[in-house]
Amino acid sequence: MPRSTRRLPHAFVRAAAVFALSAGVIAPAVVHAPAAHADTGSAYDATLDDGRYRVGLLGDALWMKVSVLASTAPDAPVLASTEELTQLNGYWTTDAPLALPEGTALGDYPVRIDYRVPGRTTTYRAGAPYSHKTHIGVSRITADRTTTSWDHRQVVLSGTTTSWNPATGERSTAPAGTQVKFWFQIFAGSGYTDRTATATVGADGTFSLPFTPNGQLAGGTATIVQAPGVDPDDAAQVPRVDIQLLNYRITSEGDKYRILANTDLRVTGTVERLTDEGWKPFPGAPVVATVTQPGPYDTRAVDLIGSTTSSATGTFGFPARVQYATDYVYTSLQPSPYFATAGTRPYDKIDVVVPQQFTYTPYTITLDEFGRLVAQGTLSNSYSCTPQPVTLQASLDNGHTWRNLRSGWTDNSCQYTFSLQGYESAYYRVYHPVTNQLVAKTGTALKRARTATRFSAFGVSPTTPVVNGKMTVSGTVQRKVGGVWKPLAGAKLTLVYKPKGSTQWYWVSQSIATNTYGNFSYRATAYGDGSWALYLNTTGSYFYSETNAKYIDAR
């Protein structure tokens, strides 16, 4: 780029600039805007840490001049200006700091950029303010170690600072109490996370920050915290600090195979670490028990049910509370970026079964008039069912003691049915003992009872009736109350007849009823030779009863 059409030696130009600046204190130059249009500023304009000024987005300029103004007024004096700029990577940067007149107050000052590009007349635009402030930055950062490990997790970051006063040109260190803000990028095995920290500059201009990354310190920056009158330098880079991986192995066992939900499994075992001398006990290791298989990229124990710290000999023992169905309890170490995984996190597993809750749905127990007891239902649970043992139980003393009546198994749908002869009066229930799949549980005790009945008398008169003649069928029906037989009044009876040589019974009457004393009498037609009998039309509260068949010869 042409520096100037004046072709003056650089030394003469710089001397002339100094004269103009010093003269500007007495009679500052006045800026006269050219007639050309003024462009807008660029976000890439900036005051560099050494006081030079960078101009952005004007890489094709043929000529350029940067001026620092006393204010934003149209006739503001020029405090400093230069046409000595060098292009690099699309930016124009002044060859030297813009030295403002002695006594100029520290602060930000407006910038005007005059330039000419191909095909256009001289143009100008406002630039980002020139920072005539104390520039403070971090000049160097070192770490006391190149790696951290499980046993040595802390790294100490130390650094020095620099301070430049543009009014005097003096360089020193940052004043005591200056704050340095760190931003770190940490890789902990499953991804990157950001962390921050702050250090304080001491009297000698240095600072020190003890930091525990708990992972690989992949990089970061350190920047002076901005304060009034201070322009922080560009951020300094934090050195990379890697981690040393530790290999471990673990063995464990439980004190039982079958565990009820919300009860404890006692887990014991040993954890070892690989050293230069081989496998050695791993003291202080964070042992965890989970019901989810550990994954190599886990950052925490998933579905944790117990934890402890290994002893000085690497042994451990602790209760693990199992709360729901699982096939295994896994033991491993709490995930850490310091533990090597080799694609799979080291773990051991303990075989367990956890019987689950269920409900008896539906649940029915019936006792019919013939004394037949039927209990049926389903063991309903949220898991697939396998045949389960069930027992039908009865109590004859109002539920104080129970006896087993019948035992069996459900089908593959967990359905069961019991059918057997029951008692006149008893409590019944279904019981399921604990299995690997389901907990022990009894169904609701249900009382089932009926009243025993009998025909205490039954006769036909005359015993040899005339064919198609009349005969009287009579007798007595009783019920058992408190172990005593008493008359059954109002009972409905059915009279039936079976002709000689036939196997079929026929209804004769279904409307025969007993009186207050349980007696009944009915005038029937003697159809011929054959057998006669009666039975009780039972209701929901009585057992069935019938007479013996009585054979009648008709004349």
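The structure displayed is predicted, hence computed values, not measured ones. Hydrogens, waters and symmetry mates play no part in the numbers below; they use all other heavy atoms, side chains included. If you read the sequence from its start, that first residue is 1, and numbering goes on from there.
- Taking the side chain as every heavy atom from C-beta outward, T223 and W183 never approach each other to under 4.5 Å.
- Residue-environment remark: OH (Y324) exceeds the threshold of 12 foreign heavy atoms within 6.0 Å.
- Between Y347 and Y330, a ring centre-to-centre spacing shorter than 6.0 Å is recorded.
- Donor-acceptor pairing under 3.5 Å is lacking for the side chains of T251 and D348.
- Side-chain contact check for T313 and S311: at least one donor-acceptor pair (N or O, by modelled atom type) lies under 3.5 Å.
- No donor-acceptor pair closer than 3.5 Å links the side chain of Q334 to the backbone N or O of V288.
- Nearest heavy atoms, A320 versus A289: CB-CB, 4.1 Å.
- Between the side chains of Q179 and T198, no donor N or O sits under 3.5 Å from an acceptor N or O.
- A distance-only check finds a donor-acceptor pair linking the side chain of T82 to the backbone of E84 [under 3.5 Å].
- One distance of note links NZ of K256 with CD1 of I350; it measures 11.0 Å at 0.5 Å rounding.
- Proximity of V322 to V352: side-chain heavy atoms (C-beta onward) are nowhere separated by under 4.5 Å.
- Ring planes of F182 and F184: parallel class, angle under 30° (limits at 30 and 60°).
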Give the C-alpha distance, both sets of side-chain angles, the deciding distance and a yes or no for side chain to side chain donor-acceptor pair (under 3.5 Å) between T290 and T292.
-> CA-CA 5 Å; T290 64; T292 296; 5.9 Å; no

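- Here the closest non-hydrogen pair linking P283 and S310 is C-OG, 3.5 Å.
- Taking 4.5 Å as the limit, some side-chain heavy atom of I243 sits within range of a side-chain heavy atom of T148.
- More than 12 heavy-atom neighbours from other residues, nucleotides or ligands sit within 6.0 angstrom of NZ on K441.
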For T206 and D204, run side chain to side chain donor-acceptor pair (under 3.5 Å): C-alpha distance rounded to whole Å, both residues' side-chain angles, the deciding distance at 0.1 Å, then the answer.
-> CA-CA 6 Å; T206 65; D204 61 352; 2.7 Å; yes

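- Side-chain N/O atoms of S131 and T47 include no donor and acceptor closer than 3.5 Å.
- In this structure the side chain of W164 never reaches within 4.5 angstrom of the side chain of D50, judged on heavy atoms.
- Shown here for Y360 and V430, the closest heavy-atom pair between the two residues is OH-O, 3.3 Å.
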Should Y257 and V353 be marked as a side chain to side chain contact (heavy atoms under 4.5 Å, CB included) after you check the CA-CA gap, both sets of side-chain angles, and the distance that decides it?
-> CA-CA 6 Å; Y257 173 64; V353 291; 3.1 Å; yes

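- Checking side-chain atoms of T94 against main-chain N and O of P97 turns up no donor-acceptor pair under 3.5 Å.
- Between D114 and R112, at least one side-chain N (NZ, or NE/NH1/NH2) sits under 4.0 Å from a carboxylate O, which counts as a salt bridge.
- With contacts defined as side-chain heavy-atom distances shorter than 4.5 Å, the pair P239/L217 does not qualify.
- Side chains of Q388 and T435: a donor-acceptor N/O pair is present below 3.5 angstrom, by distance only.
- Below 30°, between 30° and 60°, or above 60°: for Y53 and Y130 the angle between ring planes is between 30° and 60°, a tilted geometry.
- Looking at every heavy atom in both residues, V267 comes nearest to S252 through CG1-CB, 4.3 Å.
- With rounding to the nearest 0.5 Å, the separation of CD in E83 from CH2 in W63 is 5.5 Å.
- Without hydrogens or angle criteria, T168 side chain to E170 main chain gives a donor-acceptor distance under 3.5 Å.
- For D264, the salt bridge (Lys or Arg N to Asp or Glu O under 4.0 Å) partners are R321, not counting sequence neighbours.
- Between the side chains of S332 and R345, at least one donor N or O lies within less than 3.5 Å of an accepting N or O.
- Nearest approach of V238 to L157, heavy atoms of both residues: CG1-CD1, 4.1 Å.
- The shortest non-hydrogen separation linking G205 to T161 is O-OG1, 2.6 Å.
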Run the numbers on L438 and N381 for side chain to side chain contact (heavy atoms under 4.5 Å, CB included), then give the verdict.
-> CA-CA 8 Å; L438 301 177; N381 66 91; 3.9 Å; yes

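- Side-chain N or O atoms of D144 include one that pairs as donor or acceptor with a backbone N or O of V156 at under 3.5 Å.
- Using a 4.5 Å cut-off on side-chain heavy atoms (C-beta onward), D242 and R240 make contact.
- With hydrogens and angles left out, the side-chain atoms of T142 and S158 include no donor and acceptor closer than 3.5 Å.
- No side-chain heavy atom of T178 sits less than 4.5 Å from a side-chain heavy atom of V225.
- In this structure, H432 and F358 have perpendicular ring planes: the angle between them is above 60°, well past the 30° mark.
- At a threshold of 4.5 Å between non-hydrogen side-chain atoms, the residues V390 and T410 count as touching.
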